[in-house]
Amino acid sequence: IGGPVELPADQRTPNHWFNTAAFVQSPQTRRGTAGMGILTGPGLYTWDTSLRKTFRITERFRLRLQGDSTNLMNHANFRNLQAKITNNQYDQVTAAGPPRNLQFGLRLQF
């Protein structure tokens, strides 16, 4: 029915992501008029890093220490914006992920 679709950033929550007053369900006899791509979902914010250091023990042996991380800052990345008007979770973000993941490794090469 028109009007602004996006809410201001300070009013957006996972339970209320966009302006639902801008939409009504179309009659069964015709299609709706809303275009594709008019809703902007939550963004993705991740920092993936890897640090490695190789130490030469002898001419033949090397030791490698490695640390990897995904989503280092552990920022909540919301997903699955429900935009179907007949869905009971309409206007909600129903999932989040992935959380921070750290792994460390030690490798001996010979």
Side-chain angles (χ1 to χ4, degrees):
I1 60 173
V5 175
E6 292 193 16
L7 291 174
D10 61 338
Q11 294 179 9
R12 241 181 281 155
T13 66
N15 291 326
H16 185 59
W17 195 260
F18 58 89
N19 181 14
T20 57
F23 302 96
V24 292
Q25 188 171 356
S26 62
Q28 292 290 336
T29 58
R30 64 175 217 220
R31 295 183 182 202
T33 59
M36 293 291 294
I38 61 172
L39 293 175
T40 303
L44 181 65
Y45 177 84
T46 63
W47 282 60
D48 299 340
T49 60
S50 180
L51 297 172
R52 298 176 186 165
K53 176 67 178 172
T54 302
F55 301 95
R56 185 175 288 270
I57 299 171
T58 65
E59 188 173 311
R60 185 175 172 206
F61 291 95
R62 291 185 210 143
L63 185 67
R64 184 169 82 180
L65 179 64
Q66 179 174 337
D68 300 316
S69 72
T70 57
N71 195 7
L72 180 65
M73 304 301 180
N74 204 24
H75 186 270
N77 291 300
F78 298 117
R79 300 175 172 198
N80 298 339
L81 178 61
Q82 300 300 321
K84 188 173 182 182
I85 205 165
T86 57
N87 190 327
N88 64 347
Q89 294 176 324
Y90 174 62
D91 182 36
Q92 295 182 9
V93 178
T94 58
R100 174 179 19 218
N101 184 16
L102 301 173
Q103 75 179 26
F104 299 97
L106 189 63
R107 179 178 178 175
L108 179 63
Q109 296 174 324
F110 56 91

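Residue numbers count from 1 along this sequence.
Looking at R79, its side chain does come within 3.5 Å of a backbone N or O of G97 through a donor-acceptor pair. Of the possible donor and acceptor atoms, none in the side chain of N71 sits under 3.5 Å from a partner among the backbone N and O of D48. Remark: side-chain polar atoms of N101 are not paired, donor with acceptor, to backbone N or O of T70 under 3.5 angstrom. A donor-acceptor contact shorter than 3.5 Å links the side chain of R100 to the backbone of L72. Of the possible polar contacts, one joining the D91 side chain to the W17 backbone as a donor-acceptor pair under 3.5 Å is found.
By the side chain to side chain donor-acceptor pair (under 3.5 Å) test, S50 pairs with D68, sequence neighbours left out. With sequence neighbours left out, the ring-ring contact (aromatic ring centres under 6.0 Å, His included) criterion links F23 to F18.
More than 12 heavy atoms of other residues, nucleotides or ligands lie within 6.0 Å of CZ in R64, so this atom counts as buried by the packing criterion.
Annotation for T49 and S69: closest pair OG1-OG, 2.7 Å, computed over non-hydrogen atoms. Residues G3 and A22 come closest through the heavy atom pair O-CB, 4.3 Å. In terms of heavy atoms, G43 sits closest to N77 at O-OD1, 4.0 Å.
Distance check: I57 CD1 to L63 CG gives 4.5 Å after rounding to the nearest 0.5 Å. Taking CD from Q89 and OG1 from T94, the interatomic distance works out to 5.5 Å, rounded to the nearest 0.5 Å. Rounding to the nearest 0.5 angstrom, the gap separating the CD atom in E6 from the CD atom in Q11 is 12.5 Å. To the nearest 0.5 Å, atom OH of residue Y90 and atom NE2 of residue H16 are 10.0 Å apart. Between F78 atom CZ and T13 atom OG1 the span is 9.0 Å, to the nearest 0.5 Å. Between F104 atom CZ and L51 atom CG the span is 9.0 Å, to the nearest 0.5 Å.
Side-chain contact between Q82 and K84: absent, with no pair of heavy atoms (C-beta onward) separated by less than 4.5 Å.
A donor and an acceptor atom, one from each side chain of T86 and Q25, are nowhere located under 3.5 Å apart.
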